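Presented below is the structure to which this report refers.
Each ligand, and each atom within it, is numbered from 1 in the order the structure gives. From a predicted model like this one, the values you see are computed outputs, not experimental measurements.
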Amino acid sequence: MFPCARILSSFQSRTILTRALSTMTTKKLLFVKHFDGEPKPSDFKVVEEKIPALKDGEVQFEALFISVDPYMRPVSVGKPLGQKMFGAQVARVTESKHPKYKKGDNVVGYMGWETHPICNPDTLESPFGAIEKPLVLPDFKKLPLSLALGVLGMPGNTAYFGLTELCQPKPGETVCISGAAGAVGSLVGQIAKNLGCKVVGIANKKEKLDWLQSLGFDVTIDYKEENVDKMLSEKVPQGIDCYFDNVGGEMSSTVLSHMNMFGRVAVCGAIAGYNAKLHH
Ligand SMILES: NC(=O)C1=CN([C@@H]2O[C@H](COP(=O)(O)OP(=O)(O)OC[C@H]3O[C@@H](n4cnc5c(N)ncnc54)[C@H](OP(=O)(O)O)[C@@H]3O)[C@@H](O)[C@H]2O)C=CC1
Ligand SMILES: CCCCCC(=O)/C=C/[C@@H]1[C@@H](C/C=C\CCCC(=O)O)[C@@H](O)C[C@H]1O
C-alpha cells in the first residue's frame, strides 16, 4: 500500500514505520475514496513528488512513525477526496526556517501520511479543524519515540484522564473495559490495577487475553467465543462499578446490565459502529 512503509502488525502497535528511499522526493498517501465498510487499499493512492524548497516559517520533517487510529474512520466521512490522508506522526526536523524548530528536533504533530512533509507549524490544522503546532518532544533517552503516539501521547492521556476523572475508581472497585487489548484499553486496565481495582477486560483472541492477564487483568472475556452476559454473571458476581467503554453497541447494553448502583461510565468511543456500510 505504501511502498516505503513497514506495517508493524503487532496488536500492541498501530504505527507504520517509514523509511526514506530518497531525501529528494516525498511519498504521500492520498485519500481517494470514501470508505464503505472496512477501509481498503484501493481507497488510497501513493504519489511521489519532488520536495519543494523551504519557505520562511516552514519546517521539513522526516516521518519516523505514523499513527493509525480509530477516529480516522468516522472523521474521514467529511473529508474531501484527493488530499493527503490526515493523522499524527512522530517526525524528525531535517531542515527549518522557523525559529522554534531546529534540525534534529523530534516532534509529534498532525503532518498526515507522508514520508517527508513540509509545513508551517503556525498554520498546521489538526483533522478536527483547529490549529495545532507540532509539539517538540523532550529527550526520550533510550525509550522509543513511538511512545509519543501511545502511552505518552493521545491514547495514554485518554486512558489516564478518562479513567481517573470520569470514572473516579476507588480501591477495591471493579472496572470493566471493552476494547481492552487496544492502545487505550490496555492502559486503562494497567492504571486501574495501580489504583487497587479489580479489572475485567473484554477482547477477542486467546493471545490477547493471555497478554491482558500478564498485565494483571483479573478477569478476561473473549466476546467472540464466549457469552459476555453469562461470563460477567459467573466471573464478576460483585458487579461493575466503572465501565470504560471503547466499543458501544450491543456489548455496552450487556455490560450496563451488570453495573452497580452509583456506577460510572466513560463513553470513550464506539468502535463497533465505525466501519458501517454507506446507505446507497
Ligand atoms: N474520546 C477520546 O478522546 C478518544 C477515544 N478513543 C476511542 O477509544 C477506542 C479505542 O481506541 P484505541 O485503543 O486507540 O484503538 P485500537 O485500534 O488500539 O484498539 C481498538 C480495539 O477495539 C477492538 N474492536 C475493534 N472492532 C471491534 C468491534 N466491532 N467490537 C468490539 N471490539 C472491537 C479491537 O480488539 P479486538 O480485536 O480484541 O476486538 C481493538 O483492539 C475507540 O473507540 C476510539 O475511537 C481513542 C482515543 C481518544
Ligand atoms: C468522531 C468519533 C470520535 C470517536 C472517539 C475518538 O476516537 C476520539 C478521538 C479524539 C479525537 C477527536 C475525534 C473526533 C472529534 C471530531 C470533532 C469535530 O469537530 O469533528 C482527537 O481529539 C484525538 C482523540 O482524543
Side-chain angles (χ1 to χ4, degrees), residues 7-16 35 37-39 65-80 86-89 108-110 112 124-132 134-135 146-167 176-192 200-213 215 217 220-228 231 243-255 265-277:
I7 296 173
L8 303 182
S9 59
S10 157
F11 58 82
Q12 295 173 39
S13 171
R14 301 160 304 140
T15 55
I16 297 174
F35 308 128
E38 291 208 3
F65 297 93
I66 294 178
S67 189
V68 183
D69 294 275
Y71 76 79
M72 293 172 160
R73 180 59 180 82
V75 168
S76 70
V77 171
K79 296 291 180 195
F86 56 86
Q89 61 170 249
V108 60
Y110 285 109
L124 184 66
E125 271 190 24
S126 80
F128 324 109
I131 302 289
E132 270 193 55
L135 181 74
S146 59
L147 293 186
L149 295 167
V151 66
L152 300 179
M154 183 268 276
N157 279 289
T158 304
Y160 181 80
F161 291 106
L163 180 69
T164 57
E165 295 198 354
L166 299 182
C167 290
C176 179
I177 304 150
S178 59
V184 175
S186 57
L187 295 170
V188 172
Q190 293 173 78
I191 297 165
V200 181
I202 306 175
N204 172 231
K205 287 213 170 77
K206 184 180 179 313
E207 60 174 340
K208 294 189 192 176
L209 301 195
D210 289 348
W211 179 61
L212 293 177
Q213 281 164 20
L215 296 178
F217 281 57
T220 54
I221 300 172
D222 188 330
Y223 68 96
K224 287 194 181 163
E225 300 294 328
E226 296 174 302
N227 179 314
V228 176
M231 294 310 286
Y243 177 37
F244 195 101
D245 187 8
N246 289 312
V247 167
E250 200 182 321
M251 190 189 295
S252 293
S253 306
T254 304
V255 175
V265 179
V267 181
C268 177
I271 201 167
Y274 291 178
N275 278 326
K277 286 275 202 189

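Comparing Gly248, Ala270, Gly273, Pro74 by heavy-atom distance to atom 1 (C) of ligand 2, the nearest is Pro74. Here atom 2 (C) of ligand 1 lies nearest to Thr158 when heavy atoms of Leu166, Thr158, Leu209 are compared. Nearest to atom 35 (O) of ligand 1 by heavy-atom distance, out of Lys208, Glu38, Met154, is Lys208. Nearest to atom 19 (O) of ligand 2 by heavy atom, out of Phe128, Phe161, Tyr110, Tyr71, is Phe128. Of the options Ala266, Gly150, Gly182, Gly153, the smallest heavy-atom separation from atom 19 (O) of ligand 1 is shown by Gly182. When the options Asn204, Ile177, Ile271, Val68 are ranked by their closest heavy atom to atom 38 (O) of ligand 1, first place goes to Asn204. Closest heavy-atom approach to atom 5 (C) of ligand 1 within the set Cys268, Gly269, Ser252: this belongs to Cys268.
The distance criterion of under 3.5 Å between nitrogen or oxygen atoms is met by Tyr223 with respect to ligand 1. Of the N or O atoms in Pro70, none lie within a sub-3.5 Å distance of an N or O in ligand 1. At least one N or O atom of Ala183, backbone or side chain, sits closer than 3.5 Å to an N or O atom of ligand 1.
Across Cys176 and Ile202, no two heavy atoms sit closer than the pair SG-CD1, 3.8 Å. Closest of all the heavy-atom pairs between Pro155 and Gly150 is CD-O, 3.5 Å. The minimum heavy-atom distance between Pro127 and Phe86, with the atom names listed, is CB-CD1, 3.5 Å. Of all heavy-atom pairs spanning Ile221 and Met231, the tightest one is CD1-CB, 3.8 Å.
Atom numbering of ligand 1 starts at 1 in the shown order; those under 4.0 Å from a heavy atom of Val247 are 30 (N), 31 (C), 32 (N). The distance from ligand 1 to the heavy atoms of Tyr274 drops below 4.0 Å at these ligand atoms: 43 (O), 44 (C), 45 (O). Heavy-atom contacts of Ala203 reach the following atoms of ligand 1: 38 (O) (cutoff under 4.0 Å).
Counting heavy atoms under 4.0 Å from ligand 1, residue Val184 touches it through both backbone and side chain. Residue contacts with ligand 1 for Ala270 involve N, CA, C or O but no side-chain atom from C-beta outward (heavy atoms, distance under 4.0 Å). Both the backbone and the side chain of Asn246 come within 4.0 Å of ligand 1, counting heavy atoms alone.
Judged by the shortest distance from any of its heavy atoms, Gly129 lies outside the 4.0 Å radius around the atoms of ligand 2. For the ligand labelled ligand 2, residue Cys268 lies inside the 4.0 Å heavy-atom shell.
Without hydrogens or angle criteria, Asp222 side chain to Lys205 main chain gives a donor-acceptor distance under 3.5 Å. Asp69 places no side-chain N or O within donor-acceptor distance of the main-chain N or O of Met72, the cut-off being under 3.5 Å. With Gln89 contributing its side chain and Gly112 its backbone, the two residues share a donor-acceptor pair below 3.5 Å. For Arg73 (side chain) and Ala276 (main-chain N/O), a donor-acceptor pair under 3.5 Å exists by modelled atom type.
Between the side chains of Tyr243 and Ser178, at least one donor N or O sits under 3.5 Å from an acceptor N or O.
Protein heavy atoms are found less than 4.0 angstrom from atom 22 (O) of ligand 2. Within a 4.0 Å radius of atom 11 (C) of ligand 2, the protein contributes at least one heavy atom.
In terms of protein heavy-atom proximity, atom 24 (C) of ligand 2 is nearest to Met154 SD, 3.6 Å. Distance from atom 3 (C) of ligand 2 to its nearest protein heavy atom, with residue and atom name: Tyr274 OH, 4.3 Å.
The shortest distance between side-chain heavy atoms of Ile271 and Asn246 does not fall below 4.5 Å. By the 4.5 Å heavy-atom criterion applied to side chains, Phe217 and Val200 are not counted as neighbours. Two residues are said to be in side-chain contact when any heavy atoms from C-beta on lie closer than 4.5 Å; Pro39 and Asn275 meet this criterion.
Residues Tyr71 and Tyr274 place their aromatic rings such that the two centres sit no closer than 6.0 Å.
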